Amino acid sequence: MIWLLVLNFYAAPPNAVDWNGPWSLGTSRINDRQFSTEAQCRNAAVQIVGQMHQGMLAPIRFKCVSVAAGLSVNAPR
């Protein structure tokens, strides 16, 4: 298994200052890196969110998702 990181960014109205919600999903993105463990994925997520919060204080949620690292011969398509 490998782990993929999905980040969800929530947005306030464009004219909001010190907005306290409610928040709407602005965008989602999958990080380009693949991780060999869930712990590595979560660690990377915490660092990315921390970096983003240096300039943007909107809520950012993440989820680490496991997927098969490979498929066997004659795997269904």
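We number each residue from 1, following the sequence as shown. Every value quoted in this text rests on a predicted model; they were computed, and no experiment measured them.
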hydrophobic_cluster_shared for Ile48 and Phe62, side chain cutoff 4.5 Å: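 Yes, Phe62 connects to Ile48 through the hydrophobic network.
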
Shared hydrophobic cluster, Val6 / Tyr10 (ILVMFWY, side-chain heavy atoms < 4.5 Å):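 No, Val6 and Tyr10 fall in different hydrophobic clusters.
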
Quick check: do [X] and [Y] have side-chain heavy atoms less than 4.5 Å from each other?
X	Y	answer
Arg42	Trp3	no
Leu5	Arg33	no
Met1	Val67	no

Asn15 atom CG: more than 12 heavy-atom contacts under 6.0 Å: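 Correct, the count exceeds 12.
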
Rounded to the nearest 0.5 Å, what separation is found between the [atom1] atom of [X] and the [atom2] atom of [Y]?
X	Y	atom1	atom2	answer
Asn31	Leu7	CG	CG	6.5 Å
Phe9	Ser24	CZ	OG	15.5 Å
Asn8	Arg29	CG	CZ	11.5 Å

Nearest heavy-atom neighbours spanning Gln34 and Leu4: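 That closest heavy-atom pairing would be CG-CD2, 3.9 Å.
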
Backbone of Gly26 reached by a side-chain donor or acceptor of Trp23 within 3.5 Å: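 A pair under 3.5 Å: no.
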
Residue pairs fulfilling disulfide (SG to SG under 2.5 Å) with at least one residue in residues 45-77, sequence neighbours excluded: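 Only Cys41-Cys64 qualify under disulfide (SG to SG under 2.5 Å).
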
With sequence neighbours excluded, residues passing side chain to side chain donor-acceptor pair (under 3.5 Å) with Thr37: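 Thr37 satisfies side chain to side chain donor-acceptor pair (under 3.5 Å) with no other residue.
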
